[in-house]
Amino acid sequence: MLPANFLQSIQEANGLNIESFKAVHELAEQVTSIRINPKKIVQPQHPNFNFPSSTPVPWCKYGYYLQERPSFTLDPNFHAGTYYVQEASSMFLWHMLQHIYGSDTSKKVLDVCAAPGGKSTLLSSFFTDGLVISNEVIKARAAVLVENITKWGADNLVVTNNDPKDFAVLENFFDAIVIDAPCSGSGMFRKDTTAALEWSLNNVALCSQRQQRIIADVFGSLKENGTLIYSTCSYSVEENEVILDWIMDNFSVETISIPIEHKWGIVATNSNKHTAFGYRFYPDKVKGEGFFIAAFKKTGATLEPRLKEQAIASPTKSDLLVVENFMQMPISTQLFKHNTQIRAIPINWMKDLKLLANYLYIKKAGICLGEVKGKDFVPNHELAVSSISLSNIATIELTKEQALQYLRRKEFLIDYDQKGWVLAKYDGVGIGWLKVLPNRLNNYYPQEWRILKE
Ligand code: SAM
């Protein structure tokens, strides 16, 4: 049952049909959708794509609805990052980017409120030649973000753990900023029925203030002509259209209209004062949960920043020899050293990384390849699940049962006689490292990510 004060408060929301809205919440139907990882699965027909009766999410190239919700925990492909379980409405971000950027995919983008990583993984798949700064202010949630970004395996992502106000110094820095704001969460009521009991008008007001603060904190770091994308999973006008008017009142921006197809069921809305465009998703009209999204173009000029780079160590010649002995790196990749670990990032983004390192708390940048220990190279888990091609490395294809035992860090037998580091794969995609010793098999799957479910 939806709270009466909640229903009362959203009565005026554009496009709301209160009766069918209430009815769809009573039905509590589950819509499950995933977005596949184009760096790991080439197309749905690929053998990895083991949901044969899935149907496409019309507004996202890599989005699919599943017929039923499987146990993702017991699917090794889920842990290999071959797909991300993401609510379909929020994949509309893809359509928006497609409209705004087309094939211009080399942008530098900030995802301010990024955990657990749905928008960031989508952004990294869209901006294939770009750089995505995936930020989360809450430390525990930043750890989950690192886990999901690691599994996604893209080298064009940097995870930071900063307050939005820390970005103020990076004036005029980003081509696009996505603010998927913390909100009162009414859009998820169908999935999480207990959340409805915690809903209050007071919280909506608090969220609205927090949303304004986040936008004000990061707006200066957006370049002139850059794109600001704002979204919530709330139906409340105070967190949606009212925020659009507040943005237009306080900053030099133009509203962006996004073409939508009538059959998608998305409601195009406008803010009261400035008629800024926004898009509302109601679960009785679209196949997805409640969502709101809008985009602006920044028109006012800002000063050129005077940022300083932080020195980042390079691997020594002997480090490089050990790495090269283990694997071949693409020439588009720049290697650098963080403490004892050797990491890789697209060469074009190294300078930006040096700037970011001076001002932000970086949790993860690019891919950690591993560590040089004497003449040996100890590969890192990030490398195993990365999309870096590891063509000359020993691999073993595990069965589903073996893969699950591996992910549980439990014992299993393999028929393999070559000693040393072996990349364990499932359905042709890396899931982690094994070290084959004369009479033992060492499992290097991260202890903290092991699956507990039998
Ligand atoms: N973008 C994420 C995704 O697609 O997976 C979901 C983001 S969720 C809607 C909002 C995030 O904002 C949460 O991770 C939350 O921890 C974070 N957050 C909470 N308070 C915040 C604040 N004051 N400033 C910035 N982020 C905040």
Side-chain angles (χ1 to χ4, degrees), residues 33-35 37 57 59-60 62-63 72 81 83-97 109-127 132-152 154 157-168 176-189 191-192 195 198-199 203-219 221 228-236 239-240 243 281 288-295 360-361 363:
S33 46
I34 61 168
R35 186 168 38 73
N37 187 340
V57 173
W59 46 81
C60 178
Y62 298 118
F72 290 117
Y83 61 86
Y84 190 95
V85 183
Q86 186 176 34
E87 195 286 298
S89 304
S90 59
M91 295 183 202
F92 187 75
L93 173 62
W94 183 279
H95 177 73
M96 222 168 204
L97 296 172
V109 186
L110 168 63
D111 183 5
V112 190
C113 312
K119 308 288 180 307
S120 288
T121 51
L122 184 151
L123 289 165
S124 87
S125 298
F126 186 88
F127 292 108
V132 179
I133 315 313
S134 175
N135 179 68
E136 169 59 43
V137 63
I138 298 174
K139 203 173 167 195
R141 290 180 60 85
V144 176
L145 180 62
V146 166
E147 178 178 348
N148 289 334
I149 297 295
T150 298
K151 289 176 177 171
W152 199 246
L157 276 153
V158 174
V159 181
T160 57
N161 177 206
N162 284 85
D163 190 283
K165 68 176 178 332
D166 300 341
F167 289 88
I177 297 183
V178 175
I179 303 177
D180 188 28
C183 69
S184 61
S186 45
M188 292 296 146
F189 282 175
K191 284 201 154 170
D192 180 1
E198 287 157 23
W199 186 91
N203 191 35
V204 169
L206 280 175
C207 287
S208 177
Q209 281 171 10
R210 190 190 296 137
Q211 287 148 0
Q212 292 171 17
R213 202 169 60 234
I214 295 172
I215 298 165
D217 282 343
V218 298
F219 190 79
S221 65
L228 175 71
I229 295 180
Y230 174 79
S231 63
T232 70
C233 60
S234 162
Y235 300 107
S236 298
E239 299 180 75
N240 298 329
I243 296 289
F281 294 68
E289 304 309 310
F291 187 59
F292 175 88
I293 192 162
L360 301 173
Y361 179 59
K363 298 267 296 177

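These figures come from a predicted structure and were not determined experimentally. For this chain, numbers begin at 1 and follow the sequence in order. One-based numbering, in listed order, for ligands and for the atoms of each.
The protein heavy-atom contact nearest to atom 27 (C) of ligand 1 is Val137 CG1, 3.5 Å. Regarding atom 1 (N) of ligand 1, its nearest protein heavy-atom neighbour is Asp180 OD2, 2.7 Å. The protein atom (non-hydrogen) at minimum distance from atom 20 (N) of ligand 1 is Pro182 CG, 3.7 Å.
At a 3.5 angstrom cut-off on N or O pairs, Gln86 does not count as close to ligand 1. For Ala115, a nitrogen or oxygen atom sits less than 3.5 Å from a nitrogen or oxygen atom of ligand 1, counting backbone and side chain alike. For the pair Glu136 and ligand 1, the shortest N or O to N or O distance falls below 3.5 Å. For ligand 1, the polar-atom distance check against Asp111 finds no nitrogen or oxygen pair separated by under 3.5 Å. Between Gly117 and ligand 1, a contact under 3.5 Å exists for at least one N or O pair.
Short contacts between ligand 1 and Ile214, defined as distances under 4.0 Å to a heavy atom of the residue, involve ligand atoms 22 (C), 24 (N), 25 (C). Heavy-atom contacts of Pro116 reach the following atoms of ligand 1: 5 (O) (cutoff under 4.0 Å). The Ile138 neighbourhood of ligand 1 comprises atoms 16 (O), with distances under 4.0 Å to a heavy atom of that residue. For ligand 1, the atoms lying closer than 4.0 Å to a non-hydrogen atom of Arg210 are 23 (N). Less than 4.0 angstrom separates some heavy atom of Pro164 from each of these atoms of ligand 1: 24 (N), 25 (C).
Between Tyr83 and Phe72, the distance separating the two ring centers is shorter than 6.0 angstrom. Separation of the Phe291 and Phe92 ring centroids does not fall under the 6.0 Å cut-off.
Side chains of Trp152 and Ser124: a donor on one and an acceptor on the other come within 3.5 Å. Under the 3.5 Å distance criterion, with hydrogens and angles disregarded, a donor-acceptor pair is assigned to the side chains of Thr232 and Asn240.
Leu110 is not listed as a side-chain neighbour of Val132, based on a closest heavy-atom distance of 4.5 Å or more. Using a 4.5 Å heavy-atom threshold, the side chains of Ser221 and Ile177 count as touching. Contact of the Leu122 side chain with the Tyr84 side chain is not registered, since no non-hydrogen atoms from C-beta on lie closer than 4.5 Å. Counting heavy atoms from C-beta on, the side chains of Ser231 and Ile179 never come closer than 4.5 Å.
Here Asp111 does not pair with Lys119 in a salt bridge; the nearest charged N to carboxylate O distance is not below 4.0 Å.
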Open item on the list: Evaluate Glu239 against Ser184 for side chain to side chain donor-acceptor pair (under 3.5 Å), listing each step before the verdict.
Closed with: CA-CA 8 Å; Glu239 299 180 75; Ser184 61; 2.5 Å; yes
- [ ] Using the side chain to side chain donor-acceptor pair (under 3.5 Å) rule, take Ser125 and Asn37 through it: C-alpha gap first, then chi angles, then the decisive distance, then the call.
- [x] CA-CA 7 Å; Ser125 298; Asn37 187 340; 4.8 Å; no
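Residue contacts with ligand 1, taken as heavy atom pairs separated by less than 4.0 Å, involve Ala114 solely via the backbone atoms N, CA, C and O. The proximity of Arg141 to ligand 1, defined as any non-hydrogen pair under 4.0 Å, is limited to the side chain.
Considering each of Gly118, Cys113, Ser231, the one bringing a non-hydrogen atom nearest atom 5 (O) of ligand 1 is Gly118.
Within the structure, the closest approach of Ala181 to ligand 1 falls below 4.0 Å when heavy atoms are considered.
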